[in-house]
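Please read all numbers here as calculations on a predicted model, not as lab measurements. Every chain is numbered from 1, with letters handed out A, B, ... down the list of sequences.
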Amino acid sequence: MVAVQNISRQTKIGTPADRRARIAGIVLIGLALFVAGVFSAAVTGDATFRLSRPTDVWAVPNLVIPAAPFNYIVAAILAFLGARQFLRGGGKWTTLSLGIGLALAVCAFLVWATAGKAFSLSGMLQATMVRAVPLVLGAITGMMCERVGVVNIAIEGMLLAGAFTGALIGSVLGGVGGLIAAIGIGGLFGLILAALVVTYRMDQIIAGVVINLFVLGLTSYVSSQVFAEHRFLNNAPVFRAFKIPVLGDIPVIGPMFFNQNIFVYGSLVMVVVATYYLFYTRMGLRARSVGEHPRAADTLGINVYRTRYINVTAAGMIAGFGGAWFTLGSVGRFDENMTGGRGFIALAAMLFGRYHPVGALMAALVFGFADSMQQKLALLRTPIPSEFLAMAPYIATIIVVAGVVGRTRTPAAGGKAYIKE
Amino acid sequence: MDVELRGITKRFGPIVANAEIDLDIRAGEVLGLLGENGAGKSTLMNVLCGLYTPDEGNIIIDGKPVTFDGPGAAIAAGIGMVHQHFMLVPVFTVAENAILGIEPTKQVDYLDLAAARQQVNEIGDRYGLQVDPDARIEDLPVGTQQRVEIIKVLVRSADVLILDEPTAVLTPQEVEEFFGIVRSLRDAGKAIVFITHKLDEILEISDRITVLRGGRVTGYGDPKTLTEQRLAEMMVGRPVRFDVDKAPYNPGDLLLEVRDLTVLRANDEIAADHVSLEVRSGEIVGIAGVQGNGQSALIEAITGLHRPVDGTIIFDGQDITNVSVRARHAMGMAHIPEDRQRTGIIGDFTVAENMALNSYYDERYAKGMSIVWPAVATHAADYVADFDVRTPSVHAKASQLSGGNQQKLVVARELSRDTKLLIAAQPTRGLDVGSVEYIHGRVVAARDEGDGVLIMSSELDEILALSDRILVMFKGRIVAEFDASKQPVDRNAVGLAMAGSAPRAAA
Ligand SMILES: Nc1ncnc2c1ncn2[C@@H]1O[C@H](COP(=O)(O)OP(=O)(O)OP(=O)(O)O)[C@@H](O)[C@H]1O
Ligand SMILES: [Mg+2]
């Protein structure tokens, strides 16, 4: 006996994607109201953005934007994007609209803050790249570790160790010596992390926290007790910027990428090298297999433990290089806890960049932008207290991680010790 | 290439998984390896493929003794294994998985994926194993993933292929194709070790049979003269019954009523599409269907693991659509989940702790706010004895049990309470005939006592043997219903419905 039942009916189903689209819509419309009400209503005058310096080879005229009309237009676009989410949002569009919307809101904010004044955009972009350096390098560090299945919370400590060592050894042996020592100390902490989590199977988060606390305590102690007495130990030379011929003269982009110091060039090179290593080489394929399915790698004769040791140590060296930026790349001296949580923002950049070096660079630029914006805006004397401006990079982190990133796919074996047999 | 294992002994602490095992593997032959759950088949094969080092004994290849210090050495010696649980990296492509560990490269360590693709295609053409080399593993059906595992072994030019329960996850059609591949490999002169719990399969495909029990070889057989009955007896040590005795069909009150239930997958695709069904007390309703047609999502929605987007579930007169899992449990719903390792047990917990997982709060185990551990242990010991779970003690970790015994542990936990409705998803996957007989007996006993039973299985024989009514799911819908209470249902008709061809008006 056969009976057929169930003829299909179409009902409108509220999928999670729909809900996401609606939330995005509400956020966008909220932003539109805010931009219209706060950034447009009581603003007069033009915002002048300088795109080059008068001494530049190819001088570009200033960008002059009438503040109120511009911001009203931004508000209108935001409202349109928000309304569109309600009508037919979902899929790729939701994330894209949200991203565009946030970027526009930031533009409106800048225009509002600059209205009636002048502001060097090219200077800010240059600072953005500089501030992105520790974040890119930190993110690549985290990525190299997570790709082999080791969660690295210790980036902060590795950066701090690199900064400290760079300053100390740099003061004694000069910049290059300091740089090499910083890379070495980063590698050492990478090795320690690998030993703790691979050989001794310590919880990866705890191992990372332990390293962070250890480095923070030790460097703070030495800097307050020793450096305070012996100033010459904390007075390292700084690597100066040098311009790459021709490329450095391109307006706007030139100073940002091609008139910088060795740290900026180093991180751009690292992005390329890490991409090549992870996705185009035999070693990279093996490394990723260890992070995704260590047992499968093991059954194919790949040494899981050795792969983890090598990658985590190499990653530590990258963090050591990034740490040296804080001292040898900018001020030449070490201050207590001078990394100020950049190692954790780097983790956010890694997530935002979806475990890809190029993505991490983009993400780091977003955070670097927030960072340099707070610095430059303090000079413009906006009505916002500087303490709030200083929160910008951290607020950007929260917004990005909670709102825009969505669910990133993390390597499957991350955080788990591998036990043979 | 001929391989001899001589006197292999492997211990895990006090457990002797393999005791002085001798085994001969010959080129151009399929050796069927049979044995109860926990007999030591996987362990023996892991020794052969270099993953475990034996405590005693030798491996002799073509007359020369060898030792392997790891899987790499075994691969180099020409031994390849397709593991019971797949060893594929889900986010990699077929080509990347196939060449992992022996990657073709160009300068600066550059991964030569073009060469890898070509290797995959060559193997595919030679043995009839066509797979798209650029497909991602996680997007492929299990049957195709199986092919990739075999390609992986062949790319390493293995002469000995070990296949550990390769058919457990395949549909009947896929099994037929798979046997074709195995035969062509054998004819190409490869030596093959084939492990399965399905007796008809082992009789069909193997040239020789070796039976293990309790870590020892207990018998050899010739598939031409052996019967399933005889094989089962060699394996389990007593006669096994293949058919199930049921009391006459006598359905009672309506227990479970599902109306227009719609469930989405994680990616918002529709898994179950307006499904309606009923289960009465004292009947077994079987859901047949090829894996991936929404059965799992349906079961998860009924048991409360997954929230439906539309529809209602009424259990024992109450609407439980949005009720918590614990409340469903308390109302008398028992659930044997599909994937025992993921949702059935906690591997790092002991057997006793796992036994108490679903009712740690009831008066058997708890006094006020504290758990009475001695009571947990004594109850667990009772259930272990009742359900014949083979474990060194109730304090052993669940992950150390063999797959079949993990399954029995779950069944014991779920059936040891007073329940009204049993929901069982793939209850006998990977179990030996003795355990299948036992679990089927328990399920039927639950029905005869007046419980309702909803059973989901991709094993058509299991559905046919147990069910009073059979529903067939295809692409998220129930496409056919068969009444099995009076006379046996036509196997082919159900098979056709599972494959999605519209059932004819009358049959
Ligand atoms: N890693 C381990 N640690 C401790 N005991 C183990 C381990 N692996 C297997 N065992 C034990 O060794 C015995 C043999 O297990 P094995 O997995 O080889 O059985 P099997 O014949 O493959 O069974 P199944 O058919 O259920 O897969 C079992 O008693 C099991 O509990
Ligand atoms: Mg096994």
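- Annotation: Arg265(B), atom CZ; neighbour count of heavy atoms from other residues, nucleotides and ligands within 6.0 Å is above 12.
- Contact of the Thr281(A) side chain with the Val108(B) side chain is not registered, since no non-hydrogen atoms from C-beta on lie closer than 4.5 Å.
- If you measure heavy-atom distances from Ile302(A) to chain B, the contacts under 4.5 Å come from the side chain alone.
- The two residues Asp109(B) and Tyr276(A) make their nearest non-hydrogen contact at C-OH, 4.5 Å.
- Side-chain contact check for Met81(B) versus Thr299(A): every heavy-atom pair is 4.5 Å or farther apart.
- For chain A, the option among Leu100(B), Val89(B), Asp112(B), Asn46(B) with the highest count of heavy-atom pairs below 4.5 Å is Leu100(B).
- Between chain A and the residues Pro90(B), Pro71(B), Gly80(B), the largest count of heavy-atom pairs under 4.5 Å involves Pro71(B).
- Nearest heavy-atom pair across Ala296(A) and Leu88(B) is CB-N, 4.3 Å.
- Contacts between Tyr110(B) and chain A at a heavy-atom distance below 4.5 Å involve backbone atoms as well as side-chain atoms.
- Heavy atoms of Leu113(B) lying under 4.5 Å from chain A are absent altogether.
- Residue Lys486(B) does not touch chain A at all, counting heavy-atom pairs closer than 4.5 Å.
- Neither the backbone nor the side chain of Glu149(B) has a heavy atom closer than 4.5 Å to any heavy atom of chain A.
- Interface remark: Ile75(B) contributes side-chain atoms only to the contact with chain A (heavy atom separation under 4.5 Å).
- In plain terms, the two heavy atoms of His293(A) and Phe86(B) that are nearest each other are NE2-O, 3.5 Å.
- Contact annotation for Ile470(B): neither backbone nor side-chain heavy atoms come within less than 4.5 Å of a heavy atom of chain A.
- Within the 3.5 Å criterion, the main-chain N or O of Gly101(B) finds a donor-acceptor partner in the side chain of Arg286(A).
- Looking at Lys152(B) and Leu300(A), their side chains come closer than 4.5 Å, going by heavy atoms from C-beta outward.
- Paired with Arg295(A) under the rule side chain to side chain contact (heavy atoms under 4.5 Å, CB included), one option of Met87(B), His85(B), His83(B) passes, and it is Met87(B).
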